Amino acid sequence: MDIIMKKIYKGWRSLHLFTRTLIGFGIGVTLGVILGPQASIFEFLGTILLRLINMVVAPLVLCLLISAAADINDYRTLGKIGVKTIAVFMVTTIFAVIVGMFFALTFKVGKGVAITNEGLEATTDVIVPSIVDTLINIIPNNIFEALSESNLLQIIFFALIFGLALSKLKEKGILVNKVIYGCRDAMLNITNMVLEITPLGVMGIMANVVGKYGIKILLPYGKVIIVTFLACIFFSLLIHGLIMAHFIGKLNVRHFFFEMKDAILFVISTCSSLATIPLTLAGTKRLGVDDKVSNFVIPFGAVVNMDGTAIYEAIAVIFAAQIYGIELSITQLLLILLSATIASIGTAGIPGSGLVMLVIVLNAAGLPIEAVGLLAGIDRILNMARVGTNIIGDAATAVVVAKTRGEMREAVELYKS
């Protein structure tokens, strides 16, 4: 018996996390259909997962952003290439969030199924602060209080300021930097451990939700997937291809995507922007981007530039609001725009960053974080859309930076129709 159990466990561990999560998703749905309301006995598994994610998010974001800001050193040392690159990343990310919200609101991704938000921690029974108050509230009175309350916008603000201040200490800051890097790596390991129980947590969430509300709760998923892919394709064609590559970079749009096809296919298969860096670099250099520009923009963009992820987060938050029957105010929409833009940079390149980002944006908008579990089962499918958009955005940014600096060579190979 022990041998059989060991073989089962070994086989389970050999499966990709996506496959295990999908299995947990399916088992949860099945249990919910069979047991009905009695499936609530599995709810505690989802609660454990959500608490663990909440536990790790605040210190993880703090360590990541402090180390990232410290690595920048001083913005003046980045030079004109660095400043221009960061500016392009920020602008495209803002537009990505806007496009995501537009598609989500237009297609009403969460309409058709309603879940009561009774008893949930985040509700609409609160006074929504003004825009000025919201901006002021981003600045923490006490960072330890912000950490204890998981006020992520305040944590992000403090982390950026602390990291930049740390960079000015030069030699004196080396020891502190090492401590921060060690904490960052430790938090990443904790994140990996938390992700290992994702299948069980998703199973518990889906069993409880389907048991309580019925199988109809699954109907909006197809709409979320279709809308996410449509929004990402639209953004890549219009913003990355037509505006950035063609109008600014003076490249043929078909040629731009033709040279990026290998990187796009690879990243969709692996769902890793970091693993695709060599192919993205090769594509941008074939497009004529100078080595100096591409060697800086592409690796930096693989960690920081997350247009596709920003689109997904906007859609996911609108989905959460609509499925819980919560009407979003203008202030909340602006909070989604702000937090998704900042969080896409702060959590980029970490395992499970889509789920971590979603917690951040839901938290900022005052929405139930239980929506994380509702989307976890299809996260890998949605990830295929967003990572493709991410690496296309890196290449388009490299083209824009090189062209505006007069550092575009003649393309190595022209597109042949």
Side-chain angles (χ1 to χ4, degrees), residues 4-5 8-9 11-13 15-57 108-125 193-226 228 315-326 352 354-356 358-359 362-363 367-383:
I4 295 175
M5 292 301 296
I8 293 175
Y9 177 75
W12 172 257
R13 290 283 298 170
L15 296 175
H16 192 278
L17 180 60
F18 161 67
T19 305
R20 283 180 277 157
T21 302
L22 201 58
I23 292 172
F25 185 90
I27 293 175
V29 171
T30 304
L31 289 173
V33 172
I34 295 174
L35 299 178
Q38 292 182 347
S40 61
I41 61 174
F42 298 103
E43 183 181 7
F44 77 96
L45 295 172
T47 302
I48 290 173
L49 175 63
L50 292 173
R51 288 180 72 92
L52 285 171
I53 291 176
N54 267 331
M55 175 191 76
V56 75
V57 163
K108 298 180 173 61
V109 288
K111 294 293 185 181
V113 176
I115 297 180
T116 177
N117 61 351
E118 183 181 354
L120 297 179
E121 186 175 336
T123 69
T124 53
D125 298 327
M193 289 187 281
V194 171
L195 290 176
E196 286 300 316
I197 71 163
T198 298
L200 279 175
V202 170
M203 183 193 77
I205 291 171
M206 294 311 301
N208 179 59
V209 169
V210 174
K212 187 175 182 180
Y213 300 102
I215 195 69
K216 65 180 181 178
I217 188 63
L218 300 179
L219 296 179
Y221 281 146
K223 189 186 291 186
V224 171
I225 293 171
I226 292 172
T228 301
I315 292 174
V317 173
I318 301 297
F319 168 81
Q322 292 182 346
I323 205 169
Y324 282 108
I326 298 173
L355 295 180
V356 174
L358 187 51
V359 172
L362 288 170
N363 179 287
L367 296 172
I369 64 169
E370 281 76 4
V372 173
L374 296 177
L375 292 169
I378 58 171
D379 186 68
R380 178 59 166 75
I381 299 172
L382 298 172
N383 201 20

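The shown structure was predicted, so the numbers you read here are calculated from the model rather than taken from an experiment.
- Taking both residues in full, the closest heavy atoms of Gln322 and Val109 are given as OE1-N, 3.2 Å, listed atom of the first, atom of the second, then distance.
- Closest of all the heavy-atom pairs between Leu31 and Ala39 is O-CB, 4.0 Å.
- Note that CG of Leu35 and OG1 of Thr30 are 10.0 Å apart. Values are rounded to the nearest 0.5 Å.
- Counting non-hydrogen atoms of neighbouring residues, nucleotides and ligands closer than 6.0 angstrom, the CD atom of Glu196 exceeds 12 such neighbours.
- Nearest heavy atom pair, residue Gly204 against residue Leu45, reads CA-CB, 4.1 Å.
- Between Arg51 and the options Leu49, Thr47, Ile48, a side chain to side chain contact (heavy atoms under 4.5 Å, CB included) holds for only Thr47.
- To the nearest 0.5 Å, the span separating CZ on Phe42 from CG on Leu200 amounts to 10.5 Å.
- Across all their heavy atoms, Met203 and Ile27 have their closest contact at SD-CG2, 3.6 Å.
- Annotation: the span from Asn383 atom CG to Thr228 atom OG1 amounts to 11.0 Å, rounded to 0.5 Å.
- To the nearest 0.5 Å, atoms NZ (Lys108) and CD1 (Ile318) are separated by 12.0 Å.
- The heavy-atom pair separating Leu382 from Ile225 by the smallest distance is CD2-CA, 3.7 Å.
- Taking all atoms of both residues into account, the shortest heavy-atom contact from Phe319 to Val224 is CD1-CG2, 3.3 Å.
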